[in-house]
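The block underneath contains the structure these notes are about, expressed in C-alpha coordinates.
Throughout, residue positions are numbered sequentially from 1 according to the sequence presented. For the numbers below, each heavy atom of this structure counts, side chains included, while hydrogens, waters and symmetry mates do not.
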Amino acid sequence: MSTLEVTREELLTREEAANRLSTLAAALAGGEKVVVPLGGSKVKVHVPDHVRCEIELEVDGDEVELEIELKWPAPEHQQH
(Lines give C-alpha, C1' and ligand atoms only; values in the text may rest on other atoms or scores of the structure.)
Protein backbone atom coordinates (compact mmCIF):
# COMPACT_ATOMS: atom_id res chain seq x y z
CA MET A 1 0.00 0.00 0.00
CA SER A 2 1.30 3.46 -0.90
CA THR A 3 2.13 6.00 1.76
CA LEU A 4 1.67 8.80 -0.75
CA GLU A 5 0.24 8.89 -4.25
CA VAL A 6 -0.45 12.05 -6.23
CA THR A 7 -2.00 11.81 -9.68
CA ARG A 8 -2.55 14.65 -12.10
CA GLU A 9 -4.05 14.25 -15.56
CA GLU A 10 -4.41 17.14 -17.97
CA LEU A 11 -4.69 17.83 -21.68
CA LEU A 12 -1.51 19.38 -23.14
CA THR A 13 -0.35 20.35 -26.58
CA ARG A 14 2.52 18.26 -27.94
CA GLU A 15 4.86 21.23 -27.33
CA GLU A 16 3.66 21.62 -23.73
CA ALA A 17 4.21 17.89 -23.12
CA ALA A 18 7.74 18.16 -24.57
CA ASN A 19 8.48 21.18 -22.36
CA ARG A 20 7.23 19.31 -19.29
CA LEU A 21 9.47 16.33 -20.08
CA SER A 22 12.47 18.60 -20.81
CA THR A 23 12.04 20.39 -17.50
CA LEU A 24 11.84 17.10 -15.64
CA ALA A 25 14.87 15.72 -17.52
CA ALA A 26 16.93 18.83 -16.66
CA ALA A 27 15.96 18.50 -12.99
CA LEU A 28 16.95 14.81 -12.97
CA ALA A 29 20.32 15.63 -14.54
CA GLY A 30 20.91 18.57 -12.22
CA GLY A 31 20.97 17.01 -8.79
CA GLU A 32 19.43 14.90 -6.05
CA LYS A 33 16.31 16.99 -5.45
CA VAL A 34 13.72 17.08 -8.22
CA VAL A 35 10.68 19.35 -8.17
CA VAL A 36 7.75 17.66 -9.88
CA PRO A 37 5.05 20.09 -11.05
CA LEU A 38 1.54 18.78 -10.47
CA GLY A 39 -0.80 21.40 -11.85
CA GLY A 40 -1.00 24.24 -9.31
CA SER A 41 1.30 22.54 -6.80
CA LYS A 42 4.79 21.07 -6.75
CA VAL A 43 6.33 18.09 -4.99
CA LYS A 44 10.06 17.89 -4.22
CA VAL A 45 11.54 14.39 -4.20
CA HIS A 46 15.02 12.99 -3.60
CA VAL A 47 16.29 11.00 -6.60
CA PRO A 48 19.39 8.80 -6.16
CA ASP A 49 22.15 8.44 -8.74
CA HIS A 50 20.61 5.24 -10.16
CA VAL A 51 16.95 4.58 -10.98
CA ARG A 52 15.07 1.77 -12.70
CA CYS A 53 13.39 2.89 -15.91
CA GLU A 54 10.49 1.17 -17.66
CA ILE A 55 9.10 2.38 -20.97
CA GLU A 56 5.86 0.90 -22.22
CA LEU A 57 4.02 1.55 -25.48
CA GLU A 58 0.51 0.20 -25.71
CA VAL A 59 -1.92 0.44 -28.62
CA ASP A 60 -5.45 -0.48 -27.61
CA GLY A 61 -8.12 0.14 -30.23
CA ASP A 62 -8.19 3.85 -30.98
CA GLU A 63 -5.86 4.91 -28.13
CA VAL A 64 -2.06 4.89 -27.86
CA GLU A 65 -0.41 5.07 -24.45
CA LEU A 66 3.27 5.84 -23.85
CA GLU A 67 4.24 5.32 -20.25
CA ILE A 68 7.62 6.25 -18.80
CA GLU A 69 8.12 5.03 -15.26
CA LEU A 70 11.11 5.72 -13.02
CA LYS A 71 11.47 3.80 -9.75
CA TRP A 72 13.92 3.94 -6.86
CA PRO A 73 13.94 3.03 -3.18
CA ALA A 74 12.48 5.54 -0.74
CA PRO A 75 15.27 7.43 1.13
CA GLU A 76 14.91 5.37 4.32
CA HIS A 77 15.35 2.16 2.28
CA GLN A 78 18.38 3.20 0.18
CA GLN A 79 21.71 1.51 0.75
CA HIS A 80 24.60 3.86 1.57
Side-chain angles (χ1 to χ4, degrees):
M1 176 180 256
S2 295
T3 304
L4 171 68
E5 182 173 330
V6 180
T7 302
R8 172 78 179 181
E9 187 173 323
E10 58 190 316
L11 184 62
L12 302 173
T13 65
R14 194 169 69 190
E15 183 179 353
E16 289 169 333
N19 287 338
R20 182 82 45 94
L21 290 172
S22 293
T23 299
L24 185 55
L28 281 169
E32 292 183 350
K33 297 288 184 181
V34 175
V35 177
V36 180
L38 295 167
S41 62
K42 296 178 182 180
V43 176
K44 186 185 291 188
V45 294
H46 169 80
V47 180
D49 290 338
H50 295 89
V51 298
R52 290 188 318 270
C53 179
E54 179 181 331
I55 299 174
E56 179 182 330
L57 179 65
E58 182 179 337
V59 179
D60 185 16
D62 62 346
E63 186 171 77
V64 177
E65 179 178 334
L66 173 61
E67 188 172 311
I68 302 168
E69 184 171 272
L70 301 176
K71 290 185 180 183
W72 60 88
E76 61 269 9
H77 299 285
Q78 291 179 9
Q79 296 178 352
H80 298 282

Hydrophobic clustering (ILVMFWY, side-chain heavy atoms < 4.5 Å, transitive) - are Val59 and Ile55 grouped together? yes
Would Val43 and Leu24 show up in the same hydrophobic cluster when neighbours are defined by side-chain heavy atoms closer than 4.5 Å? yes
Take Glu10 and Arg8 through the side-chain contact (heavy atoms from CB on, under 4.5 Å) test and state the conclusion after the steps. CA-CA 7 Å; Glu10 58 190 316; Arg8 172 78 179 181; 4.0 Å; yes
Using residues 33-41 as the side-chain source, report each donor-acceptor pair under 3.5 Å to any protein atom, sequence neighbours left out, with the distance given to one decimal.
unit_1	atom_1	unit_2	atom_2	d
Ser41	OG	Leu38	O	3.3

Is any side-chain heavy atom of Leu70 closer than 4.5 Å to one of Val47? no
Quick one: list whatever passes side-chain contact (heavy atoms from CB on, under 4.5 Å) with Leu57, sequence neighbours left out. Val64, Leu66
Separation between OG1 of Thr13 and CG of Asn19, rounded to the nearest 0.5 Å: 7.5 Å
Scan residues 56-71 for pairs that pass salt bridge (Lys or Arg N to Asp or Glu O under 4.0 Å), counting only residues two or more places apart or in two chains. Glu69-Lys71
